[in-house]
Amino acid sequence: MPNYTLVMGNKNYSSWSMRPWLVLRHFEIPFTEHVIALFEPGHDAAIRAFSPSGKVPLLVDGDLRVWDSLAICEYLAERHAGLWPQDPAARAIARAVSAEMHAGFMALRSAFTCNIRRRTPTTPTPEVQADIDRISQLWTDCRARFGQDGPYLFGAFSIADAMYAPVCFRFQTYGVDLSGAAGVYLATMLATPALQDLSRDALAEPHRIAKYEAP
Ligand SMILES: N[C@@H](CCC(=O)N[C@@H](CS)C(=O)NCC(=O)O)C(=O)O
């Protein structure tokens, strides 16, 4: 039986940490969480005590330490069934959209920083709107092509949904409304128990990172 510890940043702010946390929680894989409050005095040393990259999240499994959110999700998928879609074509596209999220959408990520607690409707710049449009198209396409057996991108909840969960919270924070299938998917995600659990924990966190709270 694995004995996982997920070393992670604040649930309210750490978009990368959220992804493996949601996978572990949704699939009911037992784990211990170790939260490091980011940008508090000593946070860098606290992270480096675990993580060679100096970043969170990081998964500890015995002697093994796996860093990077997507690498952690892949490691979990090798050890637990059902985390990626079963069909090879669906799985390939699930990996493609996950990689696109992992490496892209820089305008959205830097303008709409993750702050689950906050509500601050904001008009997107053209660059941010282009990212929103691409995500909306991608969600609509996945739902139409692969979503017959459930309400998520590939039917059942998978790593691909966890990869897009921070975007769902950002859309909620900054008041991004989506129409059609993308809007339905966004509402489904925000109502998913694992995301609700994370959101509840985020609301209860005492720490405030000033740069992510500024108007
Ligand atoms: N590509 C990495 C990104 C990790 C990352 O940037 N983590 C941020 C928190 S969300 C971090 O550790 N920041 C602390 C710091 O830079 O000191 C992943 O997917 O895990």
Side-chain angles (χ1 to χ4, degrees), residues 4-27 29 31-61 64-79 83-84 94-118 128 131 135 138 153 158-174 194-195 197-199 201-214:
Y4 298 132
T5 298
L6 184 69
V7 182
M8 59 189 291
N10 316 49
K11 289 180 182 163
N12 188 56
Y13 302 110
S14 183
S15 57
W16 297 109
S17 302
M18 177 189 311
R19 296 167 166 115
W21 189 94
L22 290 171
V23 169
L24 289 159
R25 173 59 68 101
H26 180 87
F27 290 98
I29 300 168
F31 72 107
T32 303
E33 63 182 44
H34 178 94
V35 177
I36 295 172
L38 299 177
F39 305 113
E40 293 285 314
H43 92 275
D44 189 47
I47 294 176
R48 284 185 189 281
F50 292 95
S51 175
S53 70
K55 304 276 186 202
V56 285
L58 174 130
L59 186 78
V60 182
D61 182 14
L64 183 67
R65 292 173 182 211
V66 185
W67 63 96
D68 189 278
S69 55
L70 194 50
I72 294 168
C73 291
E74 288 285 10
Y75 178 69
L76 293 172
E78 290 194 39
R79 311 206 68 197
L83 275 55
W84 286 118
R95 284 200 163 103
V97 301
S98 296
E100 185 172 344
M101 176 72 249
H102 196 246
F105 303 118
M106 301 304 181
L108 175 75
R109 277 162 42 193
S110 64
F112 286 2
T113 55
C114 187
N115 186 337
I116 292 175
R117 285 189 293 258
R118 208 170 178 211
V128 173
D131 281 352
I135 290 168
L138 181 157
L153 293 178
S158 75
I159 289 170
D161 300 292
M163 292 301 293
Y164 281 87
V167 165
C168 297
F169 284 124
R170 285 171 155 111
F171 286 177
Q172 177 175 251
T173 296
Y174 296 96
L195 275 78
D197 290 350
L198 184 97
S199 188
D201 291 358
L203 256 62
E205 282 180 334
H207 302 99
R208 297 288 181 276
I209 301 178
K211 66 179 174 178
Y212 297 142
E213 299 289 346

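Indexing begins at 1, ligand by ligand and atom by atom, following the structure's order. All values below were derived from every heavy atom in this structure, side-chain atoms included, with hydrogens, water molecules and symmetry-related copies excluded. Note that this is a predicted model, so its numbers are computed, not measured.
- Rounding to the nearest 0.5 Å places CG of L22 at 10.5 Å from CZ of F27.
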Candidate pair H102 and S69, rule side-chain contact (heavy atoms from CB on, under 4.5 Å), full reasoning: CA-CA 9 Å; H102 196 246; S69 55; 3.7 Å; yes

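- Counting the atoms of ligand 1 from 1 in the order shown, those under 4.0 Å from a heavy atom of H102 are 1 (N), 19 (O).
- A salt bridge links R117 with E213: at least one charged nitrogen is closer than 4.0 Å to a carboxylate oxygen.
- Remark: ligand 1 atoms within the under-4.0 Å shell around heavy atoms of L38 are 9 (C).
- For atom 16 (O) of ligand 1, the closest non-hydrogen atom of the protein is K55 NZ, 2.8 Å.
- Scanning the protein for heavy atoms near atom 5 (C) of ligand 1, the closest one is W16 CD1, 3.4 Å.
- The shortest N or O to N or O distance between S15 and ligand 1 is not under 3.5 Å.
- In terms of N/O distances under 3.5 Å, ligand 1 is not approached by S14.
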Full working for side-chain contact (heavy atoms from CB on, under 4.5 Å) between F31 and L59: CA-CA 10 Å; F31 72 107; L59 186 78; 5.8 Å; no

Step-by-step side-chain contact (heavy atoms from CB on, under 4.5 Å) determination, V66 to D61: CA-CA 8 Å; V66 185; D61 182 14; over 6 Å; no

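- The option from D68, I72, V56 that lies nearest to atom 1 (N) of ligand 1, judged by heavy atoms, is D68.
- R79 and Y75 are linked by a side-chain donor-acceptor pair at a separation below 3.5 angstrom, with hydrogens and angles left out of the test.
- In terms of protein heavy-atom proximity, atom 17 (O) of ligand 1 is closest to H43 NE2, 3.0 Å.
- In this structure, H207 has its ring center at least 6.0 angstrom away from the ring center of Y13.
- Counting the atoms of ligand 1 from 1 in the order shown, those under 4.0 Å from a heavy atom of P57 are 20 (O).
- Contact analysis leaves S17 out of contact with ligand 1, as no non-hydrogen atom separation drops below 4.0 angstrom.
- Residue contact check for ligand 1: R19 places no non-hydrogen atom closer than 4.0 Å to it.
- The contact set between ligand 1 and S69, taken as ligand atoms under 4.0 Å from a residue heavy atom, comprises 18 (C), 19 (O), 20 (O).
- Note: Y4 OH to L64 CG = 9.5 Å, rounded to the nearest 0.5 Å.
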